[in-house]
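The structure appears below as structure tokens.
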Amino acid sequence: MIMTLRRLASFLVSGWSRQPAVSPLEGFFLRLFFGIVILYTVQFGVEQTREPHPVGLLKLLQPCGLTLTWLADPEAYEVFHRIIVGVTFLYIIGIGLPLVLPLLAVLHILPFTLYNSQGYTHHGYQIISLTLLIQACTAVYSAFRERRVFQWPSADLRRWLLVQSQVVITGTYLVSVVTKMDSSKGMWLLNSHHVALDMVKTQRQNYLNDLDPKYAKTTADAIWFLERPGISRILFSSGVVLEAVCIFAIGNRLLGLLFGLSLILMHRTIAHLMGLTFIYNEWLLMIFLVGFPFGLAWCFERVRSLPIRRGLLMGLAMALPVSAYFQGEGGGVTLQTLGAHLRDIMNLLGLWSQWDAAEFSGFVIPLVLTFLACGLVGAIAGWVCQLKRREV
């Protein structure tokens with residue numbers, strides 16, 4: 001029994017000392033999907049023209065006579081947006097990360113600092129800024145350690161960017177647990193059945209916002225939990241336990257998959273019961289814990305032939321302008337239409353929180369078929385090149 005417990009404990013903390021290897025292709029996919037999420041968050045701009053309650057960086061800028069209200073100017077924000085798109089592109093490529101990541105972190109923090117300086121705090125985007133910040137610190141430390149700045153990310157840097165991102169993501173959940181326990185003086189688990197009252201409060205707030213009749217009555221789910229306080233404690237406390245132990249996912253592929261999916265299921269349940277969405281948490285869980293980039297890279301790396309693999313990747317890259325041509329309004333593919341098409345693809349992230357069958361069938365299915373077709377054509381072209389090389 002003791003040996004079994006020791007082995008279990010050793011397995012749970014195994015990722016803390018032996019980090020997983022991250023291939024160059026997985027590293028690229030990690031930056032690609034994280035970069036898409038970053039760009040999705042900064043596309044909307046800000047409208048606040050005042051800074052009545054400065055927070056964060058703004059507390060340091062205001063004494064120097066600096067302000068962030070210029071971001072509310074649409075023309076200024078358009079220039080700012082183009083800059084952050086360019087910096088994110090450099091991040092995805094992976095060149096000069098010790099310089100690119102600190103700049104990208106600051107650029108991402110600025111508009112949300114202005115947003116949070118209005119007297120109320122919205123923390124939906126903070127997990128992205130925190131992940132960028134820890135990646136920036138990791139890249140800068142790596143530059144001093146390896147004495148390389150503009151080279152492609154080394155194996156150590158790729159591994160540590162993944163692990164430190166996992167540290168931040170799981171750490172936010174652990175901080176949530178500590179905050180709950182501190183605010184409730186250790187009574188959160190015992191009083192967790194009162195979360196059902198929050199479900200009622202949220203429903204009434206939704207009704208008062210727009211006087212929509214569908215929110216006029218207390219939901220059947222809330223009534224069910226209110227009538228069963230014992231079961232409610234168990235169910236609601238399970239989420240806190242999950243938040244507390246998810247730190248064991250750090251550096252462990254299997255535990256990352258299990259805890260990542262469990263946390264996403266927890267957020268989906270909260271969204272269903274209370275209407276509170278944490279879409280960015282879910283996306284980062286999918287990228288850094290569940291390991292979607294790892295699975296995608298693993299599939300590509302099963303293609304042993306390098307010419308076929310390169311042809312496949314080139315075919316998928318060509319699918320972007322091809323799909324822009326077929327799904328556009330005609331007139332060929334220009335930089336403007338390609339940019340609009342990329343924005344349309346990026347905005348598919350919205351389907352994660354609000355399902356739209358019409359948009360899926362009308363845009364996503366043709367897009368996926370185009371990528372599959374172009375990837376197949378590229379793979380065939382790579383196979384042909386391989387045969388010609390053998391003949392020579």
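For the residue pair Gln48/Thr69, the side-chain donor-acceptor check at 3.5 Å is not satisfied. Side-chain atoms of Gln164 and Thr138 include no donor-acceptor pair closer than 3.5 Å. Counted by atom type alone, Gln135 and Tyr91 present one or more donor-acceptor pairs between their side chains at under 3.5 Å.
Side-chain contact between Pro153 and Leu97 is present, with at least one heavy-atom pair separated by less than 4.5 Å. No side-chain heavy atom of Leu61 sits less than 4.5 Å from a side-chain heavy atom of Thr67. Considering only heavy atoms from C-beta on, Arg309 stays 4.5 Å or farther from Leu312 through its side chain. Met181 is not listed as a side-chain neighbour of Met187, based on a closest heavy-atom distance of 4.5 Å or more. Between Val85 and His81, the closest side-chain pair of non-hydrogen atoms falls below 4.5 Å. Between Leu257 and Leu289, the closest side-chain pair of non-hydrogen atoms is not below 4.5 Å. Side-chain contact between Arg18 and Asn252 is absent, with no heavy-atom pair separated by less than 4.5 Å.
Shown here are the salt bridge (charged side-chain N to carboxylate O under 4.0 Å, His left out) partners of Arg304, two or more places apart in sequence or in another chain: there are none.
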Scan the side chains in residues 235-246 for donor-acceptor partners under 3.5 Å anywhere in the protein, sequence neighbours excluded, and list what turns up.
residue	atom	partner	partner atom	Å
Ser237	OG	Ser192	OG	3.1
Ser237	OG	Arg233	O	2.6
Ser238	OG	Leu235	O	2.4
Glu243	OE1	Lys180	NZ	3.4

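Between Glu26 and Arg158, none of the side-chain N atoms (NZ, or NE/NH1/NH2) sits under 4.0 Å from a carboxylate O, so this pair counts as no salt bridge.
Panel note: side chain Arg302, backbone Trp298; a donor-acceptor pair is recorded below 3.5 Å. Formation of a donor-acceptor pair under 3.5 Å by the Gln118 side chain with backbone atoms of Leu114 is found in this model. Judged by distance alone, the side chain of Thr277 and the main-chain N or O of Ile279 form no donor-acceptor pair under 3.5 Å. Side-chain atoms of Ser165 come within 3.5 Å of backbone atoms of Leu161 as a donor-acceptor pair (strictly under, hydrogens ignored). The closest donor-acceptor contact from the side chain of Trp160 to the backbone of Ala155 lies at 3.5 Å or more, if one exists at all.
When the side chains of ILVMFWY residues are joined at heavy-atom separations under 4.5 Å, either directly or via intervening members, Leu30 and Ile134 end up in two distinct hydrophobic clusters. Tyr173 and Leu189 fall within a single hydrophobic cluster, where Ile, Leu, Val, Met, Phe, Trp and Tyr side chains are chained together by heavy-atom contacts under 4.5 Å. If you chain together hydrophobic residues whose side chains sit under 4.5 Å apart, Ile84 and Ile92 fall into the same group. Under the 4.5 Å side-chain heavy-atom criterion for grouping Ile, Leu, Val, Met, Phe, Trp and Tyr, Leu190 is not connected to Val178 through any hydrophobic cluster. Follow the hydrophobic side-chain contacts under 4.5 Å out from Leu133 and you never reach Leu107; the two are in separate clusters.
Around the CZ atom of Phe144, the shell of radius 6.0 Å holds no more than 12 heavy atoms that belong to other residues, nucleotides or ligands. The neighbour count for Met314 CE, taken as heavy atoms of other residues, nucleotides or ligands under 6.0 Å away, does not exceed 12. With a 6.0 Å radius and a threshold of 12 heavy atoms from other residues, nucleotides or ligands, Arg228 has its CZ atom above the threshold. More than 12 heavy atoms of other residues, nucleotides or ligands sit less than 6.0 Å from atom CD of Glu146. Within 6.0 Å of atom CZ in Arg253, more than 12 heavy atoms from other residues, nucleotides or ligands are found, so the atom counts as buried in its surroundings.
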Set out, in order, the CA-CA distance, both residues' side-chain angles and the distance that settles side-chain contact (heavy atoms from CB on, under 4.5 Å) for Glu75 and Val79, then state yes or no. CA-CA 7 Å; Glu75 293 184 359; Val79 176; over 6 Å; no
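Here the shortest heavy-atom pairing between Leu57 and Thr113 reads N-CG2, 4.2 Å. The minimum heavy-atom distance between Val46 and Pro111, with the atom names listed, is CG1-O, 3.7 Å. The nearest pair of heavy atoms linking Pro54 to Ser117 is CA-OG, 3.6 Å. Between Leu162 and Pro20, the shortest heavy-atom contact is CD2-CG, 4.2 Å. The heavy-atom pair separating Val140 from Pro102 by the smallest distance is CG2-CG, 3.8 Å. Closest non-hydrogen pair, Ala249 versus Gly256, comes out as CB-CA, 3.7 Å.
Annotation: the span from Leu258 atom CG to Leu263 atom CG amounts to 11.0 Å, rounded to 0.5 Å. Taking CD1 of Ile169 as the reference point, atom CD1 of Ile250 lies at 10.0 Å (rounded to 0.5 Å). Once rounded to the nearest 0.5 Å, the distance linking CD1 of Ile38 with OG1 of Thr88 reads 5.5 Å. Rounded to the nearest 0.5 angstrom, Leu174 CG and Ile247 CD1 are separated by 5.5 Å. Rounding to the nearest 0.5 Å gives a distance of 11.5 Å between CD1 of Ile365 and OG1 of Thr370. The CD atom of Glu47 sits 12.5 Å away from the CG atom of Asp73 when rounded to the nearest 0.5 Å.
For an aromatic pair to be called close, the ring centres must be under 6.0 Å apart, and Phe33 with Phe292 satisfies this. Aromatic ring centres of Trp283 and Phe34: separated by at least 6.0 Å. Proximity of the aromatic rings of Phe294 and Phe29 is defined here by a centroid distance below 6.0 angstrom, and this criterion is not met.
The list of ring pair (Phe, Tyr, Trp, His ring centres under 6.0 Å) pairs with a residue in residues 95-114, not counting sequence neighbours, reads His108-Phe112, Phe112-Tyr125.
Considering Thr170, Val167, Thr131, Val163 as possible partners of Phe288, the one that fulfils the side chain to side chain contact (heavy atoms under 4.5 Å, CB included) test is Thr131.
Ring geometry for Trp70 versus Phe80: interplanar angle over 60°, hence perpendicular rather than tilted (30 to 60°).
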